[in-house]
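Values reported hereafter were calculated over all heavy atoms of this structure, with side chains retained and with hydrogens, waters and symmetry mates removed.
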Amino acid sequence: MILITGATGTIGGHVTRLLTGRGEPVRVLVRDPARAPAGAGVVRADYADPRSLAAAFDGVTAAFLATAFGPALPAHDLALVEAARAAGVKKVVKLSTISVAATGGADPGAWHRPGERAVAAGGLAWTLLRPAGFASNSLAWAEAVRTGAPIPNFTGGGTHPVVDPRDVAAVAVAALTSPGHEGRSHDLTGPAMVSVPDQVATLARLLGRPLETVDVPAAAARDQMVAAGADPVLADLAASGWAMLRDGGSPGVTDTVPRILGRPAATYATWAADHLTAFTGN
């Protein structure tokens with residue numbers, strides 16, 4: 001039995017669909033069963049309730065750990081690792097971030113480090129997945145694209161090896177179901193460094209109409225997040241990440257995805273073409 005946490009999220013949802021499509025026995029841990037993906041067993045649990053976590057992990061042999069980004073992430077990771085260890089789970093695959101290597105200022109990877117350390121020290125076979133920024137993050141521009149408004153650019157000309165979430169999920173499935181990934185950290189990227197203007201130009205080409213960007217300083221974007229109700233700590237981390245990308249601090253392209261999957265990593269253009277209706281409303 002493979003347990004999937006974060007199954008209603010971008011990566012967890014893809015992982016669940018890939019595993020159920022292969023006929024693997026899958027159980028998803030959710031707070032709201034009505035939102036659970038189809039095709040998997042469902043267990044309702046809360047990261048803050050050890051008893052519910054013990055029930056969720058009962059009989060599980062491998063687990064995919066994905067927790068929502070925010071101040072509670074370290075505590076949730078630690079609770080999941082402890083539940084997995086107590087239940088005798090053999091293998092865990094944790095979704096982390098490539099920015100765990102970032103240093104200085106507000107640290108975009110800081111919330112993942114306690115969970116990474118707990119996974120490595122938990123006496124389990126473990127794999128860490130450290131993806132770059134998701135191509136799907138550009139869905140935040142969908143309304144601006146549909147209405148013809150300028151697309152806000154918080155990172156200037158800075159480039160990043162944007163990765164297709166489907167590739168991250170495929171690597172997760174490989175790590176959950178095949179040997180050779182134990183005790184390893186996989187840095188997952190797309191095949192090229194791309195900037196926000198590069199991505200917008202790709203969307204414009206696919207849509208057949210011009211699109212514009214407008215530069216927004218990271219500090220101003222941070223203030224907009226707080227004004228809209230975001231946690232100031234989360235806003236600080238987001239602004240730090242944007243500034244890092246703007247200043248050329250992004251990690252480079254890796255060959256991990258093609259090496260594990262035996263095919264090229266998907267380009268941003270491929271992801272955008274497959275999700276173009278999100279930007280048209282049709």
Side-chain angles (χ1 to χ4, degrees), residues 1-26 28 37 39-40 61-67 89-101 109 112 115-116 119-120 124-139 159-194 198-199 202 206 250-276 278:
M1 177 64 67
I2 301 174
L3 179 69
I4 309 298
T5 74
T8 58
T10 300
I11 305 300
H14 284 309
V15 171
T16 302
R17 286 186 286 275
L18 288 173
L19 288 171
T20 55
R22 290 166 46 130
E24 300 282 355
V26 178
V28 296
T61 54
F64 177 69
L65 309 184
T67 44
V89 173
K90 303 299 184 185
K91 177 188 294 187
V92 294
V93 176
K94 172 180 159 48
L95 183 66
S96 184
T97 173
I98 205 166
S99 63
V100 292
H112 280 285
E116 285 202 359
V119 164
L124 313 166
W126 57 268
T127 307
L128 300 174
L129 304 184
R130 294 172 172 170
F134 300 149
S136 56
N137 291 346
S138 60
L139 291 172
T159 58
H160 192 59
V162 172
V163 66
D164 188 323
R166 296 171 297 186
D167 283 351
V168 178
V171 171
V173 168
L176 286 164
T177 61
S178 61
H181 302 274
E182 295 81 5
R184 302 188 65 180
S185 301
H186 293 320
D187 289 352
L188 308 176
T189 75
M193 303 291 288
V194 294
D198 292 334
Q199 294 173 75
T202 296
L206 292 170
S250 174
V253 170
T254 71
D255 67 350
T256 310
V257 168
R259 179 165 45 79
I260 292 174
L261 300 184
R263 59 162 175 79
T267 64
Y268 178 77
T270 296
W271 177 89
D274 289 345
H275 295 82
L276 204 58

*Asks:* Where the side chain of Thr16 meets the backbone of Gly12, is there a donor-acceptor pair that is under 3.5 Å apart?
*Replies:* yes
*Asks:* Among Val163, Leu128, Thr254, find the residue that satisfies the side chain to side chain contact (heavy atoms under 4.5 Å, CB included) test when tested with Asp187.
*Replies:* Thr254
*Asks:* State, yes or no, whether a side-chain contact exists between Leu129 and Phe64 at a heavy-atom distance under 4.5 Å.
*Replies:* yes
*Asks:* Write down the atom of Leu206, the atom of Ala273, and the distance for their closest heavy-atom approach.
*Replies:* CD1-N, 3.7 Å
*Asks:* Could you check whether any side-chain heavy atom of Ser250 comes within less than 4.5 Å of a side-chain heavy atom of Met193, counting everything from C-beta outward?
*Replies:* yes
*Asks:* Are the side chains of Ile2 and Thr177 in touch, meaning some heavy atoms are under 4.5 Å apart?
*Replies:* yes
*Asks:* Would you check if the side chain of Lys91 reaches a backbone N or O of Ala175 as a donor-acceptor pair within less than 3.5 Å?
*Replies:* yes
*Asks:* Nearest heavy-atom pair of Gly252 and Pro161: which atoms, and what distance?
*Replies:* O-CG, 3.9 Å
*Asks:* For residues Leu139 and Ala278, report the shortest heavy-atom separation together with the two atoms involved.
*Replies:* CD2-CB, 3.6 Å
*Asks:* Hey, mind stepping through Leu65 and Val93 against side chain to side chain contact (heavy atoms under 4.5 Å, CB included) and telling me if it holds?
*Replies:* CA-CA 6 Å; Leu65 309 184; Val93 176; over 6 Å; no
*Asks:* Taking all heavy atoms of Pro191 and all of Thr267, pick out the closest pair and write down the distance.
*Replies:* CG-CG2, 3.8 Å
*Asks:* What distance do Arg130 atom CZ and Thr97 atom OG1 have between them, rounded to the nearest 0.5 Å?
*Replies:* 9.5 Å
*Asks:* Atom CG in Asp164, atom CG in Leu188: separation rounded to 0.5 Å?
*Replies:* 11.5 Å
*Asks:* To check you understand the geometry: which heavy-atom pair defines the closest contact between Gly133 and His160, and what is its length?
*Replies:* N-NE2, 2.8 Å
*Asks:* Measuring from atom CD1 of Ile11 to atom CG of Asp167, what distance do you get when rounded to the nearest 0.5 angstrom?
*Replies:* 9.5 Å
*Asks:* So, taking the atom named CG in Asn137 and the one named OG1 in Thr10, what distance separates them when rounded to the nearest 0.5 Å?
*Replies:* 8.0 Å
*Asks:* Would you find a donor on one side and an acceptor on the other, under 3.5 Å apart, between the side chain of Thr202 and the backbone of Ala269?
*Replies:* no
*Asks:* Please name the pair of heavy atoms, one in Pro264 and one in Pro258, separated by the smallest distance, quoted to 0.1 Å.
*Replies:* CA-CB, 4.2 Å
*Asks:* For the pair Leu124 and Val119, evaluate side chain to side chain contact (heavy atoms under 4.5 Å, CB included) and give the outcome as yes or no after the intermediate values.
*Replies:* CA-CA 7 Å; Leu124 313 166; Val119 164; over 6 Å; no
*Asks:* Any side-chain heavy-atom pair from Ile260 and His181 closer than 4.5 angstrom?
*Replies:* yes
*Asks:* So Asp274 and Arg166, side chain to side chain contact (heavy atoms under 4.5 Å, CB included) or not? Walk me through it.
*Replies:* CA-CA 11 Å; Asp274 289 345; Arg166 296 171 297 186; 3.0 Å; yes
*Asks:* CG of Leu3 to OG1 of Thr61: how many Å apart, nearest 0.5 Å?
*Replies:* 10.0 Å
*Asks:* Are Glu116 and Lys94 within salt-bridge range, i.e. N to O under 4.0 Å?
*Replies:* no
*Asks:* Using a 4.5 Å cut-off on heavy atoms from C-beta on, say whether the side chain of Ile4 contacts that of Val15.
*Replies:* yes
*Asks:* Between the side chain of Ser138 and the main-chain N/O of Ala135, is any donor-acceptor distance below 3.5 Å?
*Replies:* yes
*Asks:* Are any non-hydrogen side-chain atoms of Trp126 and Ser185 less than 4.5 angstrom apart?
*Replies:* yes
*Asks:* Please confirm whether the backbone N or O of Arg22 pairs with a side-chain atom of Glu24, one donor and one acceptor, at under 3.5 Å?
*Replies:* no
*Asks:* Show, in sequence, the C-alpha distance, side-chain angles and deciding distance for Thr189 and Ile98, and conclude whether the side chain to side chain contact (heavy atoms under 4.5 Å, CB included) test is met.
*Replies:* CA-CA 9 Å; Thr189 75; Ile98 205 166; 3.9 Å; yes
*Asks:* Is the closest side-chain heavy-atom distance between Asp198 and Tyr268 below 4.5 Å?
*Replies:* no
*Asks:* Drop me the distance from His112's NE2 to Ser99's OG, to the nearest 0.5 angstrom.
*Replies:* 7.0 Å
*Asks:* Side chains of Val162 and Gln199, heavy atoms from C-beta outward: is any pair under 4.5 Å?
*Replies:* yes
